[in-house]
A.B. asks: 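One structure, as structure tokens, below. Some questions next.
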Amino acid sequence: MNWGSFSAFLHMGGYAFYVWSSFGLSFALLAFELVQLSLRKRTLLKRLGQIQKLNEHRGNK
Amino acid sequence: MSIVFWVIKRDLLLAMRRKSDVLTTLFFFVIVTSLFPLGVGPEPQLLKAIGPGVLWVGALLATMLSLGRMFAADHADGTLEQMLICPESLSLIVLSKVVVHWLATGLPLVLMSPLLGLQFGIEGEALRVLTLSLLLGTPVLSLVGAIGASLTLGLRGGGVLVSLLVLPLYIPVLIFGAGAVDASTSGIGAQGHLSLLGALLVLALLATPKAVASALRISLE
Amino acid sequence: MSIVFWVIKRDLLLAMRRKSDVLTTLFFFVIVTSLFPLGVGPEPQLLKAIGPGVLWVGALLATMLSLGRMFAADHADGTLEQMLICPESLSLIVLSKVVVHWLATGLPLVLMSPLLGLQFGIEGEALRVLTLSLLLGTPVLSLVGAIGASLTLGLRGGGVLVSLLVLPLYIPVLIFGAGAVDASTSGIGAQGHLSLLGALLVLALLATPKAVASALRISLE
Amino acid sequence: MVLTAESMLEATELACMRGDRILFTDVGFRLAPGEFLHVRGPNGSGKSSLLRMLSGLLLPEAGTVTWQGRNIKNNEEYHRALIYLGHLNGIKEELSAMENLKITCGLAGFDVEEKDALDAFERIGLFGREHLPTKVLSQGQRRRVMLSRLLVAQTPLWILDEPIVALDTDAIGLMRSLFELHLENGGMLIMTTHQELELSAGIYKEIRLTS
Amino acid sequence: MVLTAESMLEATELACMRGDRILFTDVGFRLAPGEFLHVRGPNGSGKSSLLRMLSGLLLPEAGTVTWQGRNIKNNEEYHRALIYLGHLNGIKEELSAMENLKITCGLAGFDVEEKDALDAFERIGLFGREHLPTKVLSQGQRRRVMLSRLLVAQTPLWILDEPIVALDTDAIGLMRSLFELHLENGGMLIMTTHQELELSAGIYKEIRLTS
Amino acid sequence: MSKINWYKYSAPVTFYGLAGKMFPGFAILSAILFAIGLYISFFVAPTDATQGDAYRIIFIHVPAAWMSMFIYVVMAAYAGIGLAFNTRLSAMMAQALAPTGALFCFIALFTGSFWGKPMWGAWWVWDARLTSQLILFFLYVGFISLQAAIDDPRRSDRAGALIALVGVINVPIIYFSVKWWNTLHQGASISLTKAPSMAHTMLLGMLIMALACWMYTIAVALYRVRLIILERERNSTWVSDLMKEMK
Ligand code: HEM
Ligand SMILES: Nc1ncnc2c1ncn2[C@@H]1O[C@H](COP(=O)(O)OP(=O)(O)OP(=O)(O)O)[C@@H](O)[C@H]1O
Ligand SMILES: Nc1ncnc2c1ncn2[C@@H]1O[C@H](COP(=O)(O)OP(=O)(O)OP(=O)(O)O)[C@@H](O)[C@H]1O
Ligand SMILES: [Mg+2]
Ligand SMILES: [Mg+2]
């Protein structure tokens, strides 16, 4: 174990800003990609549902 | 008044739809500034010295290149004809169009400039002054550019003509703008340069819309 | 073979008729390079150091901006369709068009560069190397640029796309080109850089026409 | 030449010169509500030029055009009363039919409801294509987008340069009935076309240009 | 389906998809010398798309097009035998009619004599306008510049997309007789048009697309 | 309608199901590996003698840099196969990989920046490696925006493939030209300080993080390619059957 205390861990030997920004932003970006993908899936399914409805509507006619 | 709303709405919509037009200018700016280190070599000292100049020249060129688009599409597809025969004041339409032009070209440049400044090693106060000078200067570039754009509408090789017409008018803006940063780093203070830029902006706001309106009428004869 | 003749004749005729198109590129080159002293300040030492870089970046930007015109007019008025269904080899047509493009944009830049070099205080051997590097490099820019131009034909905001696509491909040319002058002034000798530029030229001559031909077919689907 | 109460648009002794060629001289007419002026003539005789003159886009070499007795130059009222559709479509390829219509009408000074616009598109046969960018539409469909403006506008004077080019027979039929309705309601129509188009309403007038 | 000796152009089971819309499926025909294929259908039904497919500009979603039994893809011989004129003019606004004609023919692989070109312009009614830049010409005159190519070319297959749009009646008459001559000489013609155009020569065939 | 050659549409259909089955496995694997990798990065690996704790950025920086390069090559390979054999699935795979590749490229760029500031005192220097990474980012953005600008999927696949191939030929040219440019010019003032004798645990940590990134990439690409398939086939019968099932 490298760190004497939790605050030492957070302090990162004086490089807290750089280290945490790097890791934080990186994982935030990965998470953002996942969120964006699931949003895209949701809108796509909605649109497919609409197409479906439209087709049924036409079929009934 | 509603005409202003419609023109702005339409042009913003078009800008959104043709996102890449907006991006062109921004990207061009980024390219110009990033190519320089590749051209002149990587020494930090040299880069820091030429940084503000490069950014300002980049902004100026990017704006100049986007001028062609200000009225050209409307001219080619006949919308401009419709605007001329529309009952509202043409100056107002022109002003709205210029505002959208700045929102779509000038503003992104201003927002991008701190990042590019960092690549040249410009930091702190100098970076702040650089951004501020661009914020004041780019609207002037759009306004003055509109005159050139409207005068050269539909002419063969409008491109070179626009540049020829607006370039002399742009040079004061460039000198005060790039000068502001130098003044601030050399300790003179950028106050004077920035006020002059502000004065140029007010002048341009008052004078150009009418000039552009009459230029448009002449061009569409 | 006669197709080459006709394409070249036609494009040269059009270039003569639209003289201002040719002038635009040249003029842009002149502007970029002349604005820099205004932006970065007048110290001769600084200017001499950045001179080759500025000229090369200027040439690169000028070529990049002219790429849009390479196929756009032919696309808009349907001539390109006719070329695709014409019995002759498309690669040959493409090559002819690129040649004219270079004659109308690259060559004038090369001819102009000694003059602009002098403005930056570049002289003697260095100036000779600069011109030579441009002479070897600008045809590569035209050739490689044709790929970008053909792929983005008729797309929204082709402008930025072309820049995005060709820029990374241009960088080696820029580096070797601007590097040649530095190498010659620093005494290493420009031989190596210039041979590399020559190699790039041969590579581009062999590979690009086919790539452009297929890009055109893709774009006109 | 006394101005009758009814004649709204009046052109006197118009002349047009293009390059070093005189296209026409001494063209004049009066137009009252419910009248239809057909401008005829072979290709290149100056029809489009005349129409542009009447809309104020081209200054006449000689002669004047007046609207309710006032010259049309810088005449706001005239521009409010006019729709001019030329050879150019005046539509943006990137925008959909719906956006195009809303915006052209907005620019002309009146708002269109989404519903009215949809109605118009349905009538003109663009149903289901309202939201496609116009550049993917066929030649005839693009013309229809431009013409849909006539369905929602309430202006008295229409100046149309070959409006029915590229339209199929159904669409031509629709346009014919639209023109008839417009004339019956007291509208005025100035038009060129090389195809035959007989209207059963309105008073027919004709100008023949020769080349 | 046996290939008869005479059928030169043959299309089988063509299908076309645009965006997510199926425009047509299962379109097929054979064309022999002296035959005239009229592609009909309302606006947006896919006529232009079919013609582009037949000229090799658009890959069919399904089906094949053959010329003398060989697929037209990368088929030089076919392209030598073909003239395709679409909605776009394919002419350069800055060049004169004469330059345009010479160059398009040059690109298509044969040279035109100045004299023949002048003859063609005289016949098509552009006399005296040959040396004006085409951009100052009227709408109909521009179409004529494009069509003048048909007067000097010797190719057997013409594919024309609404060729008579914007032409006046004289010019339409001229085009009609030109088409008839072409068919009589054993040429083939594929065409769309919304206007009526009855030809008194050749064998008439028809494809009707629905929307 | 029956005359359309449905055969060439069949591959995406089957792959749609397959990708759905494979996705969870890779996703879970990547989560576990990330956890282990992060544990090693922060708790097992010791503080560096010269760089202090700032060096820990290496555990995200280097894997991201590796990924950005690998993904480009893989993407170009898929695109090339798609162009040569007209297989739509591989074109879709290329399209699905590109955003993730660009993302890693971006991560490498800014983590490098955040490392450079404390180490060199500058956010950015025009070093060969940095510059070529920046250019790689431009290549990604070019590919993505070209595909996004084309509405017609067939054209967008083929145009994208062409530019990806041209790009992949150019990457080595760019790399060497930049390197040469830089070494010719540069004094000894600044150079990329290589970590002294890479410690064992550091290497292990980097490898595990890299593996985690790989799993992440595969999972995300599978997920995205499913969406692309659905989007493109939205009018086909199997999609509407699927939609009925889901109701
Ligand atoms: C924006 C800045 C930076 C960028 C774009 C960048 C880019 C890269 C790239 C592309 C690689 C992979 C190279 C390969 O595997 O051959 C890499 C590896 C590496 N980078 Fe960076 N870097 C940056 C800043 C830094 C800084 C500031 C440091 C340390 C002070 C650093 C240390 C390393 C190390 C140690 C490696 C692994 C070296 C190896 O595997 O050979 N980087 N970087
Ligand atoms: N610079 C010029 N020099 C000579 N003639 C010119 C010039 N500019 C225009 N013209 C002529 O002016 C006429 C333009 O006429 P216009 O477009 O009004 O014709 P139109 O009647 O609308 O024909 P169309 O039915 O073909 O549309 C053409 O005959 C053209 O040749
Ligand atoms: N991306 C797309 N999405 C939906 N529909 C599309 C798309 N692209 C094209 N279309 C449709 O394809 C058709 C194009 O048809 P085409 O141009 O061949 O028609 P046409 O028969 O020549 O019509 P016209 O008589 O008007 O010239 C139009 O109906 C258009 O709406
Ligand atoms: Mg006309
Ligand atoms: Mg059509």
Side-chain angles (χ1 to χ4, degrees), chain D residues 16 18-21 23 40-52 86-88 97 124-129 131-145 147 161-175 192-197 208-211, chain E residues 16 18-21 23 40-52 86-88 97 124-129 131-145 147 161-175 192-197 208-211:
Chain D
C16 173
R18 275 303 178 87
D20 45 11
R21 202 183 294 273
L23 286 183
R40 318 194 67 155
N43 290 140
S45 55
K47 301 182 297 299
S48 302
S49 309
L50 176 59
L51 263 47
R52 288 174 62 84
H87 280 305
L88 291 170
I124 212 161
L126 285 172
F127 184 71
R129 259 94 166 179
H131 296 294
L132 288 177
T134 35
K135 74 166 158 228
V136 309
L137 297 184
S138 83
Q139 204 67 7
Q141 288 168 335
R142 287 185 212 192
R143 291 296 290 185
R144 290 176 192 218
V145 174
L147 291 170
D161 199 351
E162 304 198 32
I164 59 171
V165 142
L167 294 184
D168 60 21
T169 37
D170 284 359
I172 292 181
L174 174 71
M175 293 317 295
T192 67
T193 162
H194 293 296
Q195 286 163 270
E196 285 311 313
L197 185 80
R208 231 171 235 286
L209 302 177
T210 50
S211 62
Chain E
C16 174
R18 273 304 177 87
D20 45 12
R21 202 184 292 274
L23 285 183
R40 317 194 69 157
N43 289 141
S45 55
K47 302 181 297 300
S48 302
S49 307
L50 176 60
L51 261 49
R52 287 174 64 85
H87 280 304
L88 291 171
I124 211 161
L126 285 172
F127 185 72
R129 258 95 167 180
H131 295 295
L132 287 178
T134 36
K135 75 168 156 227
V136 308
L137 297 184
S138 81
Q139 205 67 8
Q141 288 168 336
R142 287 183 210 192
R143 292 295 291 184
R144 291 176 192 217
V145 174
L147 291 169
D161 199 351
E162 303 198 33
I164 59 172
V165 142
L167 294 184
D168 60 22
T169 37
D170 284 0
I172 293 181
L174 174 69
M175 291 319 294
T192 66
T193 161
H194 293 295
Q195 287 163 266
E196 285 312 312
L197 187 77
R208 229 171 237 285
L209 301 178
T210 51
S211 63

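In this text the structure is predicted, and so the values were computed from the model without any measurement. Values below: all heavy atoms of this structure, side chains included; hydrogens, waters and symmetry mates excluded. Below, read A as the first sequence line, B as the second, and so on, with proteins coming before strands; counting in each chain starts at 1.
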A.B. asks: Measuring from atom OG of Ser45(D) to atom CD of Gln141(E), what distance do you get when rounded to the nearest 0.5 angstrom?
C.D. replies: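 Going from the OG atom of Ser45(D) to the CD atom of Gln141(E) covers 8.5 Å.
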A.B. asks: Could you walk me through whether Arg142(D) and His87(E) pass the side-chain contact (heavy atoms from CB on, under 4.5 Å) test, one step at a time?
C.D. replies: CA-CA 13 Å; Arg142(D) 287 185 212 192; His87(E) 280 304; over 6 Å; no
A.B. asks: Look up atom CD in Gln139(E) and atom CD in Glu162(D), then write down how far apart they are to the nearest 0.5 Å.
C.D. replies: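 That separation rounds to 7.0 Å.
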A.B. asks: Looking at every heavy atom in both Ala171(E) and Asn43(D), which two are closest together, and how far apart are they?
C.D. replies: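 Ala171(E) and Asn43(D) have their closest heavy atoms at CB-OD1, 4.5 Å.
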A.B. asks: Find the distance between NE2 (His194(D)) and CD1 (Ile164(E)) and round it off to the nearest 0.5 Å.
C.D. replies: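 Interatomic distance, His194(D) NE2 to Ile164(E) CD1, rounded to 0.5 Å: 11.5 Å.
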A.B. asks: Please flag which part of Arg21(D) lies under 4.5 Å from any non-hydrogen atom of chain E: side chain, backbone, both or neither.
C.D. replies: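 Looking at Arg21(D), just its side chain touches chain E.
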A.B. asks: Quick one: what part of Arg144(E) sits under 4.5 Å from any heavy atom of chain D, side chain, backbone, both or neither?
C.D. replies: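 For Arg144(E), side-chain heavy atoms alone lie under 4.5 Å from chain D.
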A.B. asks: Less than 4.5 Å to any heavy atom of chain E: does that hold for the side chain of Leu167(D), its backbone, both, or neither?
C.D. replies: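 For Leu167(D), heavy atoms of backbone and side chain both lie under 4.5 Å from chain E.
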A.B. asks: For Ser138(D) versus Gly44(E), what's the shortest heavy-atom pair and its separation?
C.D. replies: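 It is OG-N, 3.2 Å.
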A.B. asks: Quick check on Arg18(D) against chain E: is it the side chain, the backbone, both or neither that has a heavy atom closer than 4.5 Å?
C.D. replies: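 Neither part.
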A.B. asks: Sort Val136(D) into side chain, backbone, both or neither according to what part of it lies under 4.5 angstrom from a heavy atom of chain E.
C.D. replies: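 Neither part, no heavy atoms under 4.5 Å.
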A.B. asks: Working to the nearest 0.5 Å, report the span between CZ of Arg40(E) and OG1 of Thr169(D).
C.D. replies: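 Going from the CZ atom of Arg40(E) to the OG1 atom of Thr169(D) covers 8.0 Å.
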